[in-house]
Amino acid sequence: MADVLISSVSNPGCQDMTEMATSRAQIFGGTNGNGVVSCSLKRKRPPKIEIPNVLREISDDILKLRTGHGQTEGSACFADNGVCVFALKGKKKFMEDAHKIFSSPNGDKDFFGVYDGHGGSKAVEFVTENLHLKIFEMLDNSLANKEKEEAVKEGYLKTDEEFLKQGMGSGVCCLTALIEGREMIVSNLGDCRAVLCRDGIAEAITTDHTPGREDERRRIEEQGGYVEFHRGSYRIHGTLAVSRSIGDAHLKDWVIAEPDTTVVRLTPDMEYLVLASDGLWQEVSNQEAIDIVMKSCSKKQLMRQSQAKVVGPSVSPLSNSLTFPLLKSNRIFHHKTSTFHQKTSEDDEQCCENASPPSKSRRISLAKQTRIRTHSPNNENQGDNGLLDACKELVNLAVTRGSLDDITVMVVDLSRRVGRLSPHKVADMNHFRE
């Protein structure tokens, strides 16, 4: 509400202006008879500004939920015999990342896969269940490296062909590693990436398939398509930000399913293999990832060495093998069975305190306990905690730097691939629903 005061004007030339102001005041509010004209000129409220979700500040509660402190909905982890995975759902309604760990029936081949879906979950579900089987089927009759590369390529193409026949939408980027003896075959489609740790130095085994690459862009344009820069990245027809994938039927003339394959001969200086979706690599560099893996695993190794010094390993007169106390073995077993729940050391102490005391006939000295259980390769699974910590730390780092995408990180300890997964050992994670 505003009041307009109109004073008398002695100059005749301004009389018209006075009359105009008076008439306008009468229209909006009228006069009060004292020369003061009140008018109610209401300003129109401006429209509300809608701030996109991606520009809003992430609250601490949401960040804590996404950073994986504890097991939360939309996250998953797996650890067994030298391979660990941690996955976290991003801003999407449903998780569209997946992973696969599989060992052949006779145990001579280990398969590791990380899949990043887009446009829905149908493609990633199909690939998770079928791609490794197709690759194994094609590898049965392959001996030479060139034949193996062609066999893996055929496995990818056959999987893509069968999925397209189902007439479903969506697509998926794929990254696979198959280890047989001292040989590793790594293949990729899209922007999932494999990074090898060789003496602490990061070496990217794969190259991302994006429309921004000169060779990929030339291939797309030669086939009648086009690439344009949209929403911060180069995209095929302004929509898809990867140039190779399984699925994506509406862009199949330009988005091919032919993978790039590399055969690597494993050597003792190759320590770890990191397989991850682009949710990690958009925020974390190759060397940063390797540094974190090395740091986490070295820390766990030092802890195990210090524990071994405190316990004092002894040599069994029967087997010439290192032996450890029964109490230590119980603690190792406890950590192994609670890998996914991340029990603290306080829980371990409470568990030991609540255990029923042994009978009098079974009370023996600590020196004799050291000879009851021998150190078996299965106890090495406690080392998986270092790998799992590395996976979680990498995911946390990507989230704190602003990643809103689904993130899956898998770390394989190459030095322990001699002790393979048990035959028929299978682990996979499709997607999570809130």
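The shown structure was predicted, so the numbers you read here are calculated from the model rather than taken from an experiment.
Within the 4.5 Å cutoff, no side-chain heavy atoms of M410 are placed close to those of L175. A heavy-atom distance below 4.5 Å is not found between the side chains of L404 and K92. At least one side-chain heavy atom of Y115 sits less than 4.5 Å from a side-chain heavy atom of T176. Contact of the S170 side chain with the F163 side chain is registered, since non-hydrogen atoms from C-beta on lie closer than 4.5 Å. Within the 4.5 Å cutoff, the side chain of W281 has heavy atoms near those of the V195 side chain. A 4.5 Å side-chain heavy-atom check between D108 and E180 finds at least one atom pair inside the cut-off. You'll find the side chain of R182 reaches within 4.5 Å of the side chain of R265, heavy atoms only. Contact annotation: the side chain of L387 approaches that of C297 to within less than 4.5 Å [non-hydrogen atoms, C-beta and beyond].
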Let me see the working for L273 and M184 under side chain to side chain contact (heavy atoms under 4.5 Å, CB included), right down to the final yes or no. CA-CA 11 Å; L273 178 67; M184 179 171 65; 3.6 Å; yes
F86 and V409: CA distance, side-chain angles, deciding distance, side chain to side chain contact (heavy atoms under 4.5 Å, CB included) verdict: CA-CA 6 Å; F86 187 74; V409 178; 5.5 Å; no
Side chain to side chain contact (heavy atoms under 4.5 Å, CB included) between E216 and T210, intermediate numbers included: CA-CA 7 Å; E216 291 291 286; T210 63; over 6 Å; no
Evaluate the side chain to side chain contact (heavy atoms under 4.5 Å, CB included) criterion for residues V186 and N188: first the C-alpha distance (whole Å), next the side-chain angles of each, then the deciding distance (0.1 Å), finally the verdict. CA-CA 7 Å; V186 181; N188 76 302; 6.0 Å; no
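A salt bridge links E183 to K148: at least one charged side-chain nitrogen sits closer than 4.0 Å to a carboxylate oxygen. Taking the charged nitrogens against the carboxylate oxygens, R244 and E258 have no contact shorter than 4.0 Å, which rules out a salt bridge. Under 4.0 Å is where a charged nitrogen must lie from a carboxylate oxygen, and between K134 and E161 no such pair does.
The heavy-atom pair separating C391 from V411 by the smallest distance is SG-CG2, 3.6 Å. Minimum interatomic distance between G386 and S296 (heavy atoms only, all atoms of both residues): O-CB, 3.5 Å. Residues G402 and E283 approach most closely at C-OE2, 4.2 Å, considering heavy atoms. R235 approaches A241 most closely through the heavy-atom pair NH1-CB, 3.8 Å. The minimum heavy-atom distance between S103 and D110, with the atom names listed, is OG-OD1, 3.2 Å. The shortest non-hydrogen separation linking I407 to V395 is CG2-CG2, 3.9 Å.
A distance of 6.0 Å separates CD in E154 from CE in M138, rounded to the nearest 0.5 Å. In this structure, SG in C77 is found 11.0 Å from CG in L88, a value given to the nearest 0.5 Å. Taking NE2 of H209 as the reference point, atom CZ of R213 lies at 5.0 Å (rounded to 0.5 Å). If you take CG on D80 and CG on L388, they are separated by 12.0 Å, rounding to the nearest 0.5 Å. Atom CG in L394 sits 11.0 Å away from atom CG in D389 (nearest 0.5 Å). Note that CD of E96 and CD of E125 are 10.0 Å apart. Values are rounded to the nearest 0.5 Å.
Note: F229 and Y234 have perpendicular aromatic rings, judged against thresholds of 30 and 60 degrees for the angle between ring planes. Using the six-membered ring where Trp is involved, H237 and Y226 have ring planes that are parallel, under 30° apart on the 30 and 60° scheme.
For the residue pair D413/S415, the side-chain donor-acceptor check at 3.5 Å is satisfied. Judged purely by distance below 3.5 Å, without hydrogens or angles, the side chains of Y156 and T261 never pair a donor atom with an acceptor atom. For the residue pair S277 / D116, no side-chain donor-acceptor distance below 3.5 Å is found, with atom types taken as modelled.
R219 places a side-chain N or O within donor-acceptor distance of the main-chain N or O of W254, the cut-off being under 3.5 Å. In this structure a side-chain-to-backbone donor-acceptor pair under 3.5 Å is present from T400 to L397. Side-chain atoms of D260 never come within 3.5 Å of backbone atoms of S187 as a donor-acceptor pair (strictly under, hydrogens ignored). Here the side chain of K252 pairs a donor or acceptor atom with the backbone of G247 at under 3.5 angstrom. Using a distance-only test at 3.5 Å, with no hydrogens or angles considered, no donor-acceptor pair links the side chain of Q287 to the main chain of I201.
Between V127 and the choices C173, S245, C174, the side chain to side chain contact (heavy atoms under 4.5 Å, CB included) rule is met once, by C174.
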